[in-house]
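Read the numbers this way: they start at 1 and go in the same order the structure lists the ligands and their atoms. Small disclaimer: the values here were computed from a predicted structure and weren't measured. The first residue of the sequence shown is numbered 1, and numbering continues consecutively from there.
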Amino acid sequence: MAHLALAYLDPGDIIIAPDPGYPIYSACARLAGADLYTVPVNEDNNFMPDLSLIPLDILRRAKMMIFNYPGNPTAALATKEYFKEMISFGLKHNILIVHDFAYSELIFDNNEPISIFHIPDAKKIAVEFNSLSKSFNMAGARIGYLIGYPSLLKPLASLKSHIDYGVFLPIQNAAVKALTSDYSFLQEHKETYQARRDVLFDSLTENGWNVRKPDGGMFIWARIPPHYTSLSFSLEAIEQGVVVTPGNAFGMGGEGYVRIALVQSDERLREAGLRLTSLI
Ligand SMILES: Cc1ncc(COP(=O)(O)O)c(C=O)c1O
């Protein structure tokens, strides 16, 4: 992702990215010497920022807009209409739309995964990232992919040919095996995370914490009581033996929230919920 920004942006260009959002989005801008313009992604806008509120001077300088559904840290989805809107917006203002679909296989309940390429015109202006980190538990192996029309991928391919033109072959072979499997693992994997979500959500809400139920992803994004900051709550949580991520690590819009990861067993998540609710 950072390389895509290097390939596309010059100093003075702008990346539009969600706030709160995965921290690499702001790092992308900094590494490329570009400026970051953030759009709020929160319960007030149903996690779908109003693109018509972006000022004209920003639109003139913007070269790239990044979105991420299911969102990290928000665990929220967008509608297909919103994806359509993003594509029309990208085409109108000639801004590359980058969809980060890292949690494509972790979508809960009756929600359908939406790829940017479900929108017919997307190939003219959009690319989509995915990674095997979440879907196939290959975090750390550094293997993922970018999908798009060849002319849109070319700047990245060209840059990467000078930097890191090949992932270690055994890892590529493992990824081939995963991607050409019958995908029965993915169903199991999703059920594991959905069950963890339910356990932690129930543990938090039964003990008096009003949190939003995640639509997908690996996290609960929880608003904290106003007498805490994200950091003070996270430090208190450590005292209780629970590690959460302070929401402001994902941008200013994350202040007042913490992100709780579903990366422990049901039993430990139930216990974590109990300990965390003793703080509120
Ligand atoms: C939203 C999002 N995008 C992309 C990634 C990148 O994953 P990786 O670098 O492991 O492929 C992550 C990992 O945490 C993520 O949460």
On a heavy-atom basis, which atom in [X] and which in [Y] lie closest, and how many Å separate them?
X: K80; Y: I114; result: N-CD1, 3.6 Å
X: V167; Y: R142; result: CG2-O, 3.9 Å
X: G140; Y: S133; result: N-OG, 4.4 Å

Just one of L96, I95, L59, V39 clears the side chain to side chain contact (heavy atoms under 4.5 Å, CB included) bar with M65, so which one?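 Among L96, I95, L59, V39, the one meeting side chain to side chain contact (heavy atoms under 4.5 Å, CB included) with M65 is I95.
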
Only one of V199, L200, T192 forms a side chain to side chain contact (heavy atoms under 4.5 Å, CB included) with L262, so which one is it?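 That would be L200; it is the only one of V199, L200, T192 passing the side chain to side chain contact (heavy atoms under 4.5 Å, CB included) with L262.
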
Select one of side chain, backbone, both or neither to describe which atoms of Y103 lie under 4.0 Å from any atom of ligand 1, heavy atoms only. side chain

Just jot down the ligand 1 atoms closer than 4.0 angstrom to any heavy atom of N68, in number order. 1 (C)

Atom indices of ligand 1 within 4.0 angstrom of A102 heavy atoms, with elements: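 Reading through ligand 1 atom by atom, the close ones are 2 (C), 3 (N), 4 (C).
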
Closest protein heavy atom to [atom], given as residue, atom name and distance to 0.1 Å:
atom: atom 14 (O) of ligand 1; value: K134 NZ, 2.6 Å
atom: atom 10 (O) of ligand 1; value: S133 OG, 2.5 Å
atom: atom 3 (N) of ligand 1; value: D100 OD2, 2.5 Å
atom: atom 6 (C) of ligand 1; value: Y22 OH, 3.3 Å
atom: atom 11 (O) of ligand 1; value: S131 OG, 2.7 Å

Has M218 got any heavy atom lying under 4.0 angstrom from an atom of ligand 1?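 False for this residue.
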
Are M138 and ligand 1 in contact, using a heavy-atom cut-off of under 4.0 Å? no

For the pair K160 and D164, find out whether any cationic side-chain nitrogen is under 4.0 Å from an anionic carboxylate oxygen. yes

Could you tell me how the ring of Y193 sits relative to the ring of H189: parallel (under 30°), tilted (30 to 60°) or perpendicular (over 60°)?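 Geometry flag for H189 against Y193: perpendicular rings.
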
